[in-house]
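One structure below.
Model, not experiment: these values are computed from the prediction. Counting starts at 1 for both ligands and their atoms, following the listed order.
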Amino acid sequence: MPKRVRIAVFPVAGLGTRFLPATKAMPKEMLPVVDRPLIQYAVDEAKEAGIEHFVFVTGRNKGVIEDHFDRQFELEWTLENRGKLEALEKLRADLPVAGQTSFTRQQEPLGLGHAVWCAREMVGDEPFALLLPDMLFKSTPGVLAQMIAAYEKTGKNVIAVEEVEMGEISSYGVVGRGPGPDEGFEVTEMVEKPTPEDAPSNLIISGRYVLQPEIFSLISRQGKGIGGEIQITDAMQKLLADQGFTGVKYKGRSFDCGSKVGFLSANIAYALERDDISEEFLKELKASALM
Ligand code: UTP
């Protein structure tokens with residue numbers, strides 16, 4: 001049996017420049033889809049997959065993420081006194097158990113690879129899950145749970161992949177597909193932002209990873225990549241050569257909530273599934289479409 005994946009890392013230190021001015025003083029990861037912040041969806045997904053410890057790599061202006069996972073006594077007291085017990089119960093259900101969260105700081109947004117590296121002391125010598133909270137996945141079971149199932153069979157590094165149109169391929173990290181089913185196939189190569197002619201497939205890396213701790217020393221040895229940032233893909237290419245990767249073409253739908261259209265689409269999809277608001281919201285949508 002491979003070592004159990006107990007820890008998840010959430011890099012939340014980026015500047016969110018695609019969402020300015022909303023993200024000038026507020027973290028992108030706190031943007032709500034209906035009424036839950038993006039970071040809460042990612043933590044829920046990790047909990048469902050059996051994760052026991054949540055490591056957040058934060059930066060300046062990200063203090064509210066820490067507050068979000070803390071108790072808010074005044075609010076709880078007020079809800080209790082006003083008899084809003086359902087809301088109180090919901091708040092308490094989302095609260096991690098004491099000692100289950102850790103926060104570390106990426107002092108400068110030097111790239112995703114660097115943010116992950118900042119978590120090295122907290123992760124130690126264990127495999128860990130990496131979740132980019134601005135990627136939201138609507139799926140049952142959750143994408144990380146689907147990946148952990150593949151990890152338990154192979155014990156390798158795992159990445160979630162999804163199909164895109166070939167015309168869009170050069171915006172993404174792309175994998176080559178070897179033998180095996182959608183639930184767990186061999187990854188033969190990883191290419192960052194290829195032209196459609198050079199792309200080994202139409203399967204892109206989509207924001208969820210299970211990684212072995214050797215990734216940390218690989219990141220520390222690499223220099224800056226595309227855009228002057230320390231990328232994670234360069235280190236993953238080395239990890240692929242050394243240890244191998246399993247790809248999971250997950251069942252479900254993704255929303256890139258780091259982009260405006262992805263974020264707005266997620267709000268529509270999630271709102272239309274909510275019993276308490278869907279009917280009224282659909283009416284509003286139809287009225288807006290006729291304008
Ligand atoms: P993105 O590239 O989508 O986020 O990184 P960004 O840089 O904040 O956004 P834009 O492109 O400027 O709009 C994916 C995840 O990695 C984190 C981000 O917070 C986000 O959750 N990240 C990125 C870091 O923690 N540190 C970094 O240096 C870069």
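Remark: minimum distance from atom 25 (O) of ligand 1 to any protein heavy atom is reached at Ala13 N, 2.8 Å. With respect to atom 26 (N) of ligand 1, the closest heavy atom belonging to the protein is Gln106 OE1, 2.7 Å. For atom 16 (O) of ligand 1, the nearest non-hydrogen atom of the protein is Leu112 CD1, 3.7 Å. In this structure, atom 12 (O) of ligand 1 lies nearest to the protein heavy atom Thr17 OG1, 2.5 Å. Among protein heavy atoms, the minimum distance from atom 21 (O) of ligand 1 is reached at Pro11 O, 2.9 Å. If you check which protein heavy atom lies closest to atom 4 (O) of ligand 1, you get Lys28 NZ, 3.0 Å.
A cation-pi arrangement is not found for Lys249 relative to Phe185, the charged atom failing to lie both closer than 6.0 Å to the ring centre and inside a 45° cone about the ring normal.
When the heavy-atom distances from atom 13 (O) of ligand 1 to Arg18, Lys62, Gln231 are ranked, the shortest goes to Arg18. The closest non-hydrogen atom to atom 8 (O) of ligand 1, taken over Ala42, Gly207, Pro27, Gly16, comes from Gly16.
Listed by atom number, the atoms of ligand 1 under 4.0 Å from Ala115 heavy atoms are 24 (C), 25 (O), 26 (N). Heavy-atom proximity to Leu110, at under 4.0 Å, picks out these atoms of ligand 1: 28 (O). Below 4.0 Å from some heavy atom of Gly14 lie the following atoms of ligand 1, by number and element: 8 (O), 17 (C), 18 (C), 19 (O), 22 (N), 23 (C), 24 (C), 25 (O), 26 (N). Residue Pro109 approaches ligand 1 through these ligand atoms, each under 4.0 Å from one of its heavy atoms: 28 (O).
A salt bridge does not link Lys193 to Asp198: none of the charged side-chain nitrogens sits closer than 4.0 Å to a carboxylate oxygen. Under 4.0 Å is where a charged nitrogen must lie from a carboxylate oxygen, and between Glu52 and Lys47 no such pair does. Ion pairing between a basic and an acidic side chain is recognised when a charged N comes within 4.0 Å of a carboxylate O; Lys153 and Glu183 show no such pairing. Between Glu126 and Arg6 there is a salt bridge, since a side-chain N of the basic residue sits under 4.0 Å from a carboxylate O of the acidic one.
Checked against Tyr151 for a side chain to side chain contact (heavy atoms under 4.5 Å, CB included), the options Thr246, Val210, Val248, Asn157 give a single hit: Val210.
Using 4.0 Å as the threshold, Glu29 has a heavy atom nearer than that to some atom of ligand 1. Note on ligand 1: Pro133 sits in its first shell, one or more heavy atoms being nearer than 4.0 Å.
The shortest N or O to N or O distance between Leu15 and ligand 1 is under 3.5 Å. For ligand 1, the polar-atom distance check against Gly111 finds a nitrogen or oxygen pair separated by under 3.5 Å. Taking any N or O of Val57, backbone or side chain, none lies under 3.5 Å from an N or O belonging to ligand 1. The shortest N or O to N or O distance between Glu108 and ligand 1 is not under 3.5 Å.
With a heavy-atom cut-off of 4.0 Å, Asp134 touches ligand 1 through its side chain alone. Residue-level proximity to ligand 1 for Glu229 is absent, since no heavy atom of it falls below 4.0 angstrom.
If you look at Tyr270 and Tyr41, their ring centroids are closer than 6.0 Å. In this structure, Phe255 has its ring center no closer than 6.0 Å to that of Phe263.
Ring pair Phe56/Phe10 is parallel by interplanar angle, where below 30° counts as parallel and above 60° as perpendicular. Between Phe128 and Phe216, the ring-plane angle classifies as parallel under the 30° and 60° cut-offs.
One distance of note links CE of Met236 with CG of Leu218; it measures 11.5 Å at 0.5 Å rounding. To the nearest 0.5 angstrom, Asp276 atom CG is 4.0 Å from Arg274 atom CZ.
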